[in-house]
Amino acid sequence: MDTAPLRQLLDEMTIDEKIGQLVQLSGDCFGGGDIATGPAAKIGVTQEDIDRCGSVLNVLGADEIHRIQDAYLAKSRLHIPLLFMADVIYGYQTCYPSPIGLGCTWDPEMIEGDYQVVAEEAHADGCMVTFSPAVDVVRDARWGRVVEMPGGEDPYLGSRFAEAMVKGFQQGLDEGQGVASCVKHFAGYGAAEGGREYNTVDMSERRFRQDYLPPYKAAIDADAKMVMTSFNTVDEVPATANRWLMHDVLREEWGFDGPLITDYAAILELMNHGVAADKDEASKLALDATVDIDMKTDCYAHSLKRLVEKGRISEQQIDEACWRVLSLKNELGLFEDPYRGCTTSDAARAIMCTPEKLSSARACADEAMVLLRNEGQVLPLAKEGGRLALVGPYADSKEIVGMWAIHADRSHSCTVKEAFDAVLGEGAYVYAKGCDVLGPEEYGTLGEFARFAGGGEPAEDQEALIAEAVSACADADTVVLCLGEHPLQSGEAGARTKLRLPAQQQELVRRLHDLGKRTICVLFAGRPLVLTDILPYADALLMAWWPGTAGGEAVADILFGDANPSGRLTMSFPATEGQLPLYYAQFPTGRPAGKNHTGRFVTGYLDAPNFGLYPFGYGLSYHTSALSDLTLDREVLHPGEELHASITLENEGPVAGTDVVQLYLHDCTGSVTRPIKELKGFERVTTESGERREVSFTITEEMLRFWRRDMTFGSEPGRFDVYVGLDSQRVLSASFELEA
């Protein structure tokens, strides 16, 4: 539809119809039951509200989309279609690794292609908008939603993945393919104090702009069609009511003109925040902040018209919000095809979990896993000639797809045990469960939500399971242990103060190590864990994250050497929880430890190291590489010029492998304190055994800009250090001068 008839449609709408477009309800409101006693009654909406609402939350399945859309349009005076939105986070029926694992690939180009696959499946089943990607920068592993953040602790890496994911989702959008991307959670959600879910965020505007906003900006620059507000405060104003953030920064500075949607019930929660006395005031604050869609409350539905009548808001504000919603529907072609190409569920099923899609999920999981430890080169394992035992609560579990794989077709998922059967043959190794993921007491902390993840309630006698495993492993040479968090211990509302493996899992590791066996731990989790308790007992550690549909096969690929691990950490792993928040891009202090300052009175802890157990960018492979000969092609850089840094990478190992060569910069003297290192580039480089490759990076003045003391954005002349390494700590250095 052209702009003129769309404007005419807006003019023909009543104020009630316009407000309806700003209301999103969940699919259970469209079930046809008794409105007085059903789900709609819980949030206070009426049948009239349902008949006018503009979008639907988390309804998927082509047949159901057709049913709801047909019934809705039959009642709609102006035949404005519903918009169907859903959480499609890291896969639909074919699931890829959780986003923190996707980030560990350091391969945005691959992830862009993988997200096209995700979008193809979701689109076929009726999804029109996905609430993804989440691109919050997060530096505190206690926060459960770490699992959703591909960039981890780094704004540059987060920006690269934000751009890739948005482009992947929206590939072919103009031709009726793909799904519209809603970037979240705007903004600063990952900086919640103490890692506590939904908690306060408070920082300087400089830190906010420098470190936390860039990934969102990258998503907007990639043309994300929608933005979701975050639950937290920004400068003591809840994001959903924060006009400076939503209007001044997002719309005016960045030029975003698409719909803004709240996270679940966030307008209603403005009263809990203490900035609104009632629903009317909450609705006014949100609309004044240019928030367009109210997710799952009756605030907009029942307050906006009353606010107009009282003169507290204008009908023009409602028109502007409604226009943004109608424009997205028009851009997606819903006025011509209200189902957006989805036909029947049978047609959708035909493209789900195809061999090609499963293969791409496996290749991605191979790249996402991070080898943290390999003492004595116990990995890779031989496929013949050894006595092997496979043990642990995740050894034969399909729950390794993770919490947010809510649409996954688990019939296509492969467990580690099934993958071992395929590689070694059934009966060629010993298997024992060993223990449950959680003990009874820990399981009880999950409350009613425990039923949403598989595995069932744990056995009361965990010792019996451990003893059974010890007996089964008596004749083995090598024990592979599949351990980790419960899926519900990461994700939303998964904040934790203790990031260690559950007690019975630690006991299982110790008891099996006491047998004198080589011990390999494969860890499934959605966040960095504190591993110091099991480190003395593990010859090898493989961080598998939640690896998705092909997770079991990918674990076997790594363990048996069919894939050489190339994953690199996007978050520092703490040695103890007391180090959190922890990140590589720390600031210098007046008394930095180890730099002309020794002894007690330095920046640090008395009882823990300053740095984590494993640093940002870290990961091992089955080959060993070395960097040498870092050179810069000029000593002085001027604006408009390019400086080229080159370094030699040599594969000193016996096999081909892939390294991630990382470029960091440091502004030595600025008008404000600058981080000791900032990631500014990286290259994935594959070499054959014995091969030497030159790797080059281009440095420009634009890369040196920051938010200066006067809060202008630009560079300052002076000396800059260049660091190039295989992680954030193992680096070679050089320097240059920036002159105006």
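Computed from heavy atoms alone, side chains included, the values below leave out hydrogens, waters and symmetry copies. Starting from 1, each residue takes its place in the sequence as its number. If you're wondering where the values come from, they're calculated on a predicted model, not measured in any experiment.
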Salt-bridge test for [X] and [Y]: reply yes if a basic N is under 4.0 Å from a carboxylate O, no otherwise.
X      : Y      : answer
Arg693 : Glu650 : no
Arg568 : Asp727 : no
Arg160 : Glu109 : yes
Asp436 : Lys433 : yes

Give a yes/no verdict on a cation-pi contact between Lys417 and Tyr431, requiring under 6.0 Å between NZ or CZ and the six-membered ring centre and an angle within 45° of the axis.
-> yes
State which residues pass salt bridge (Lys or Arg N to Asp or Glu O under 4.0 Å) with Asp140; sequence neighbours excluded, sorted by chain then number.
-> Arg142
Please list, chain by chain and in numerical order, all residues satisfying salt bridge (Lys or Arg N to Asp or Glu O under 4.0 Å) with Glu148, sequence neighbours excluded.
-> Arg145
Would you say the ring centroid of Tyr96 lies under 6.0 angstrom from that of Tyr90?
-> no
Tell me if a side-chain donor or acceptor on [X] pairs with a main-chain N or O of [Y] at a distance below 3.5 Å.
X      : Y      : answer
Arg527 : Val146 : no
Asn564 : Ala656 : yes
Thr105 : Ala368 : no
Asn374 : Leu379 : yes
Ser471 : Ala467 : no
Thr130 : Val88  : yes

Please state whether the rings of Tyr618 and Tyr614 are parallel, tilted or perpendicular, taking 30° and 60° as the class boundaries.
-> parallel
Do Thr570 and Trp106 have side-chain heavy atoms sitting under 4.5 Å apart?
-> yes
Do the side chains of Leu481 and Leu390 get nearer than 4.5 Å, heavy atoms only?
-> no
Does any pair with a residue in residues 558-581 pass ring pair (Phe, Tyr, Trp, His ring centres under 6.0 Å), and if so which ones, sequence neighbours excluded?
-> Phe420-Phe560
If we ignore angles and hydrogens, is there a donor and acceptor under 3.5 Å between the side chains of Ser625 and Asp659?
-> yes
Please determine, by modelled atom types, if Thr94 and Thr549 share a side-chain donor-acceptor pair under 3.5 angstrom.
-> no
Residues which pass side-chain contact (heavy atoms from CB on, under 4.5 Å) with Ser572, listed by chain and number, not counting sequence neighbours | Glu153, Leu582, Phe616
Taking side chain to side chain donor-acceptor pair (under 3.5 Å) as the test, write out the residues that go with Tyr429, two or more places apart.
-> Asp421
For Phe161, which residues count as a ring-ring contact (aromatic ring centres under 6.0 Å, His included) partner, sequence neighbours excluded?
-> none
